[in-house]
Student: 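Got a structure for you, questions after.
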Amino acid sequence: MADTALMPIPGTFDPVPTPREVTPRADGRVDLLGLPRPRITELFEAAGLDKKAAKLRAKQVFHWLYHRGVTDFEAMTDIAKTMRPWLAERFVIGRPEIVLAQHSSDGTRKWLLRTDDGHEYEMVFIPDADRGTLCVSSQVGCTLNCRFCHTGTMRLVRNLTPGEIVGQVMLARDALGEWPKGAMDGLDEDEDEGGYSSDGRLLTNIVMMGMGEPLYNFENVRDALKLVMDGDGLALSKRRITLSTSGVVPMMARCGEEIGVNLAVSLHAVSKEVRDEIVPINRKYGLEELLQACADYPGASNARRITFEYVMLKDKNDSDEDARELVRLIKRYKLPAKVNLIPFNPWPGAIYECSSEERVRRFSDIVFEAGISAPVRTPRGRDIDAACGQLKTAAQKLSRAELDRLAEEKQAALG
Ligand code: SAH
Ligand code: SF4
């Protein structure tokens, strides 16, 4: 067992400490999953290879590990036969443990995963006609307590390591059978001739919209996404990756500079009063600061718009005036933006209801008529609790006190 003690929620806004980078294993071997090339080189050197050999082997292993999805050193055919057992004695290439795999009637798939130290988290795959999106978690639970989000009611939180984050994408490729299968006789071969092509792939997009606030686990999310974007790694374009934040303003510029992926912002309200209530981080970083950080987001342009997510809550944030104010704000800050309207996905104990279909349509029309794209997101995987904001592992059942609190709130909200 690794000593990553369970973290009680440390307060409403504080980032969560990170467990150690290399999780010690009972057999003494080191899991390479999630490590970058220079770190693998260092470990090979520390295990006894000279500098040059360590560098070459690290380059080869990196390619097999992240580009080919190989977990067995014996299959690394360009590494000398005698070298392979040497590696296998000292290292492993792991995967997150799958506790449960579920299939929704609409094709959505959800996996419940477990870390080495026993924390559970989830990932979701959403197939569409023209794309397949993997919804990746960044934390076990979330510290932020957005009022409408089930994940926010989880009591235990810890940051996921780069291996646990990139491991989700790798597991999805395993499950979908999407690793390039070409013959491998040297590192110089043209990968695309080996049967690997981006056409017709099931997994085409990644969204950091699973459990957790990715910008409260910035370094690990960045390091994992770098492996995903590395041409000799998982080789997915940054244009196909979107990171969603509830509004951790001080980290947004770094996200653009150091990761460079598309940004989605969970706006959900256009007044201080309502946003303070439903997205409590707003009390720390207000709307003006947030929208200014969006205007300054590196890489945002009309070709790469910022997505504003807006959950539709009945009689809370869904009026015509709200829609008009949303348009006004976007124009005032000259934001290259699109709006994604998300029908609220209910969960047991939630104090909100979803706006009526008609209301959602009207809201969408007002924004659209102002020249801003405002599609309504179709809820996916609701039958297996895989839809937005429904992720919460079975191990995290509500405590008695939480149930009481929610019941009281519900009562109060109903008047
Ligand atoms: N923590 C990040 C990313 C994860 S949440 C964030 O908040 O942006 C992904 C999206 O689902 C967010 O926009 C979130 O606000 C939304 N969401 C949460 N709970 C929801 C619910 N019950 N119904 C619909 N959307 C929800
Ligand atoms: Fe956390 Fe995002 Fe849920 Fe808010 S909406 S509690 S930030 S996961």
Side-chain angles (χ1 to χ4, degrees), residues 9 12-16 121-124 126 133-160 165 168 206-218 221 241-249 251-252 255 261-269 274-285 290 294 306-314 316-318 338-355 360 376-382 385-393 396 402 406:
I9 292 177
T12 323
F13 306 118
D14 291 342
V16 192
Y121 60 111
E122 294 180 324
M123 68 169 189
V124 176
I126 308 146
T133 306
L134 188 71
C135 183
V136 172
S137 291
S138 55
Q139 298 180 313
V140 174
C142 185
T143 52
L144 283 174
N145 308 109
C146 297
R147 275 282 173 258
F148 49 83
C149 175
H150 207 190
T151 309
T153 65
M154 282 177 69
R155 276 174 301 148
L156 301 171
V157 179
R158 98 144 156 79
N159 277 337
L160 294 175
I165 297 167
Q168 295 172 63
I206 291 180
V207 292
M208 295 303 303
M209 293 187 189
M211 292 173 147
E213 169 48 59
L215 295 189
Y216 269 177
N217 187 14
F218 180 78
V221 167
I241 303 174
T242 301
L243 182 148
S244 174
T245 180
S246 56
V248 184
V249 169
M251 299 309 289
M252 283 167 57
C255 175
V261 292
N262 303 320
L263 184 71
V265 172
S266 294
L267 194 64
H268 304 318
V274 177
R275 197 161 193 270
D276 274 358
E277 176 191 328
I278 66 179
V279 187
I281 195 177
N282 195 64
R283 294 176 211 158
K284 182 146 180 153
Y285 310 114
L290 176 59
C294 291
I306 292 173
T307 303
F308 286 110
E309 294 156 287
Y310 200 97
V311 63
M312 297 301 293
L313 303 173
K314 187 176 179 182
K316 184 49 73 180
N317 62 357
D318 62 352
K338 54 189 174 192
V339 174
N340 216 326
L341 300 176
I342 317 176
F344 170 64
N345 291 305
W347 38 272
I351 57 169
Y352 300 110
E353 277 178 62
C354 184
S355 313
V360 177
V376 180
R377 194 187 287 174
T378 319
R380 299 288 302 271
R382 270 188 176 171
D385 286 346
C388 294
Q390 289 189 323
L391 300 186
K392 169 152 175 162
T393 56
Q396 293 284 335
E402 280 171 315
L406 287 169

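Order of listing sets the numbers, starting from 1, for every ligand and every atom in it.
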Student: With respect to Thr242, which candidate in Val207, Val261, Ile306 satisfies the side chain to side chain contact (heavy atoms under 4.5 Å, CB included) definition?
Tutor: Val207
Student: Can you tell me if His150 contacts ligand 1 (heavy atom of the residue under 4.0 Å from the ligand)?
Tutor: no
Student: Set out, in order, the CA-CA distance, both residues' side-chain angles and the distance that settles side chain to side chain contact (heavy atoms under 4.5 Å, CB included) for His268 and Phe148, then state yes or no.
Tutor: CA-CA 10 Å; His268 304 318; Phe148 49 83; 3.3 Å; yes
Student: Does even one non-hydrogen atom of Gly210 get within less than 4.0 Å of ligand 1?
Tutor: yes
Student: Just let me know how Pro343 lines up against ligand 1, side chain, backbone, both or neither, with a heavy-atom cut-off below 4.0 Å.
Tutor: backbone
Student: With a cut-off of 2.8 Å, does any N, O or S atom of Cys149 fall short of it relative to atom 4 (Fe) of ligand 2?
Tutor: no
Student: Below 4.0 Å, non-hydrogen atoms only: which portion of Met211 touches ligand 1? Side chain, backbone, both or neither.
Tutor: neither
Student: When you look for heavy atoms under 4.0 Å from ligand 1, do you find them on the side chain of Thr151, its backbone, both, or neither?
Tutor: neither
Student: Just by modelled atom types, is the Met211 backbone N or O under 3.5 Å from a matching donor or acceptor in the Ser137 side chain?
Tutor: yes
Student: Out of all atoms in ligand 1, which are within 4.0 Å of some heavy atom of Cys149? Include the element for each.
Tutor: 18 (C), 19 (N)
Student: Which ligand 1 atoms, with their elements, are less than 4.0 angstrom from a heavy-atom of Thr245?
Tutor: 6 (C), 8 (O)
Student: Tell me the contacting part of Asn345 for ligand 1: side chain, backbone, both, or neither, using a 4.0 Å heavy-atom threshold, strictly below.
Tutor: both
Student: Tell me, please: is Tyr352 in heavy-atom contact with ligand 1, that is, under 4.0 Å?
Tutor: no
Student: Counting only nitrogen or oxygen atoms and a 3.5 angstrom limit, does Met208 reach ligand 1?
Tutor: no
Student: Need the ligand 1 atom indices (1-based, order shown) with element for anything under 4.0 Å from a heavy-atom of His268.
Tutor: 13 (O), 14 (C), 15 (O)
Student: List the atom of Asp318, the atom of Ser355, and the distance in Å for their closest heavy-atom pair.
Tutor: OD2-OG, 2.9 Å
Student: For Ala350, is the nearest heavy atom under 4.0 Å from an atom of ligand 1?
Tutor: no
Student: Looking at ligand 1, does Ser138 have a heavy atom less than 4.0 Å from it?
Tutor: no
Student: Under 4.0 Å, heavy atoms only, figure out whether ligand 1 is touched by the backbone of Glu309, its side chain, both or neither.
Tutor: side chain
Student: Give the atoms of ligand 2, by number and element, whose distance to some non-hydrogen atom of Asn145 is under 4.0 Å.
Tutor: 6 (S)
Student: Can you sort out which atoms of ligand 1 are near Ile342, meaning under 4.0 Å from one of its heavy atoms?
Tutor: 24 (C), 25 (N)
Student: List ligand 1 atoms under 4.0 Å from Glu213, heavy atoms only on the residue side.
Tutor: 1 (N), 2 (C)
Student: Pull out every atom of ligand 2 sitting under 4.0 Å from any heavy atom of Ser246, numbered as shown with elements.
Tutor: 7 (S)
Student: What atoms in ligand 1 come closer than 4.0 Å to a heavy atom of Trp347?
Tutor: 22 (N)
Student: Please list, in number order, the atoms of ligand 2 under 4.0 Å from a heavy atom of Gly152.
Tutor: 6 (S)
Student: Have a look at Cys146, Ser244, Cys354 and point out the one with the heavy atom closest to atom 2 (C) of ligand 1.
Tutor: Ser244
Student: For Gly212, take its heavy atoms, then give the atoms of ligand 1 lying under 4.0 Å from any of them.
Tutor: 1 (N), 2 (C), 3 (C), 4 (C)
Student: Of all residues at least two apart in sequence or in a different chain, which pass the side chain to side chain donor-acceptor pair (under 3.5 Å) check with Thr245?
Tutor: Glu213
